[in-house]
Asker: 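Handing you a structure now.
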There are 2 protein chains.
Amino acid sequence: MTDTAPRQKRPPTIHDVAAHAGVSRGTVSRVLQGGHNVSPASHQAVDAAIRKLGYVVNRAARSLVTRRAGSVAFLLSETHERLFQDPNLATLLRGCTTALAAHDIPLVLIAAGTEAERRRIAPYLAAHQVDGVLLFTSHRGTPMIELLQQAELPFVCCGKPHDQAGAVSYVVADDREGARTMMRHLIDSGRRRIATIAGPADGPGGLERLHGYREMLAEHGIRYNKSLVATGDYSRASGESCMRELLARVPDLDAVFVASDLMAEGALSAIERAGLSVPGDIAVGSFDDSPVATATNPPLTTMRQPWQRISDMMVRQLLAQIEGDGPASVILPTELVVRESA
Amino acid sequence: MTDTAPRQKRPPTIHDVAAHAGVSRGTVSRVLQGGHNVSPASHQAVDAAIRKLGYVVNRAARSLVTRRAGSVAFLLSETHERLFQDPNLATLLRGCTTALAAHDIPLVLIAAGTEAERRRIAPYLAAHQVDGVLLFTSHRGTPMIELLQQAELPFVCCGKPHDQAGAVSYVVADDREGARTMMRHLIDSGRRRIATIAGPADGPGGLERLHGYREMLAEHGIRYNKSLVATGDYSRASGESCMRELLARVPDLDAVFVASDLMAEGALSAIERAGLSVPGDIAVGSFDDSPVATATNPPLTTMRQPWQRISDMMVRQLLAQIEGDGPASVILPTELVVRESA
DNA sequence: CTGAAAGCGCTTACAG
DNA sequence: CTGAAAGCGCTTACAG
């Protein structure tokens, strides 16, 4: 067992490539930067040398001179429970990793769920150890935002942050329009006593989806009834208890618009337990089109969130800001996916 | 809008700290490395200067000379579906991030779910852009392992990899002993026609938990009955269908050992749908003690996986290997958590 | 289009 | 215990 074993065969450097290609190191570097101001012949020679030697740029060396970390952070400003429950977060994480990989930019995961963690990462961020930050917003997101602004670090939120001073970049699905679309679908199929299980008001999409619900009711001359509204926390369990509550309050409701698939799964259970059928007695429309949507019985009619596009846009916006662009907000449409529950 | 805005106020360097403290840069560096061979007076002066200036080490510069990336990768060698479904993966990811943060080591997330992705990251890994890798193993893990071995990059697996040539570091929960404990609990409470819903044979813990099930049956003189065994894929839906199948085959079974909480949640639905009660008619014991375990009705009696310890040990093993240690395997005990389902 | 050279911010023998 | 100095592997004006 050789301890502290030194790596013998040092990886090739730009110097080796230059020697192999018969050019200067400057020229190799220029090829690495995109090949501007390089003759085709030199370009080819360098490319060949790179391939031959299996050269990979040393990021630390590059980073030192460019003053760019060359990486981007994904801030987990969520508690563990939330992290576990939210299938969308996993999807987003995956999507961002992939989108960044296309630009050859590593994604650094940073935990910022507790106050202690936030204190710890503040200097890291302030020192620009990453070039930018992807932020999964929530009610807990706000303290992070201030920190990032002070650090003058580019960032983009997933979801619109609340009570935010100044212009902040974010990417969201069109929650209100999505809610309206689902409500239209429910109303068009003849439902009139439509309940809703909303998400927390300070959470992503919570208020907007509720607004969409109320707007559509109003536009169809259906009176808004407070008893038909319950608020969950996006968990399956909360969906189930909310549904039970709604059923107790308004036994003859004929539809429910649920703000997430996970809660809808819970609602389905409560409805079944009450001896009612879906969609026969009650139509269930939900939001997300996460993998659970097809695992339930019956499969869920739901609004598809464009997660792929959301990740892509978040990454694109962030990279643009790193290049000097100002903040921007992007709103992406959702899509009605009709299955069997409504 | 200043584009490509240069950061004006450059962050302080070791040079500034040295000037402030009235010592040489070498001495500052020594303090940064732990303060060996530094007089208490110098040490204090440097500490004060660091605090005063808000100095944070430039990792790129350090990395360039130490020839260490200073970061560690978490390889997501999973498909998206799997990633979404597995609450344990999120827990593990969180745990590893936190454990590494204590050592001031950033965790880089790398997607290696597809063949294309694996091809892409191979040079990155071979060039040692990270110092080591945390690997969430599965049947798909094997190609990654070979790649890592060729790159001579330290790595540790979560779960014991299958068909692996050579010594490989891994950390696992004691799946077999955990299964035995749960089975003992079921048998001690008088159950005799005990079914099981196993995980995939090539997945983490799949076979081991099934072995534990069979062993315990044998040790209590209960005959093994193939009809009492079903194999799911760790998803809620598969748990439900497996349970339905088992009930159809052996209507009078009086207990079921399910290899994950998520599948147990599905099993619970199937049992309820069959008009049977838990634990009255059928006792349900599961595995994980993930957040779902307390969200079901009734709450699950389950084997707690020591995720916190698993993450900690994975990180510890990896850091030791980076320092030159040889590979090692760690097996951690699970713990029976009795709730209401058994 | 190209090369020579300076410099990014650290660490680490080497002398003392 | 400490300082001066070399060097890690790149990029980027600067001349030509």
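Below, read A as the first sequence line, B as the second, and so on, with proteins coming before strands; counting in each chain starts at 1.
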Asker: Can you confirm whether B:R59 sits close enough to B:P106 that some side-chain heavy atom of one is under 4.5 Å from a side-chain heavy atom of the other?
Answerer: yes

Asker: Looking at residues at least two apart in the chain, or sitting in another chain, which of them share a side-chain hydrogen bond (donor to acceptor under 3.5 Å, both in side chains) with A:H43?
Answerer: A:D47

Asker: Between which nucleotides of DNA chain D, read 5' to 3', does contact with chain B run, using atoms under 4.0 Å from its heavy atoms?
Answerer: D:dC1 to D:dG9

Asker: Find the runs of at least 3 consecutive base pairs, i with j, i+1 with j-1 and so on, that include DNA chain D, using Watson-Crick or G-U wobble geometry with both distances under 3.5 Å.
Answerer: C:1-3 with D:14-16, C:5-12 with D:5-12, C:14-16 with D:1-3

Asker: Please list residues of residues 30-47 of chain B whose heavy atoms come under 4.0 Å from any atom in DNA chain C, ordered by number; otherwise none.
Answerer: B:R30, B:L32, B:Q33

Asker: Taking only Lys NZ, Arg NE, NH1 and NH2, and the carboxylate oxygens of Asp or Glu, determine whether B:E117 and A:R94 approach each other closer than 4.0 Å.
Answerer: yes

Asker: For C:dG9 and C:dA13, measure between their P atoms and round to the nearest Å.
Answerer: 23 Å

Asker: About how many Å separate CZ of A:F136 and CE of A:M314, when rounded to the nearest 0.5 Å?
Answerer: 8.5 Å

Asker: Under 4.0 Å from any atom of DNA chain D, heavy atoms only: list the residues of residues 16-27 of chain A that qualify, in numerical order.
Answerer: A:R25, A:G26

Asker: Output all residues satisfying side chain to side chain contact (heavy atoms under 4.5 Å, CB included) with A:P154, sequence neighbours left out; order by chain, then residue number.
Answerer: A:L318, A:Q321, A:I322

Asker: Rounded to the nearest 0.5 Å, how far apart are NZ of B:K52 and CG of B:D16?
Answerer: 11.5 Å

Asker: Rounded to whole angstrom, note down the C1' distance from D:dG16 over to D:dT12.
Answerer: 16 Å

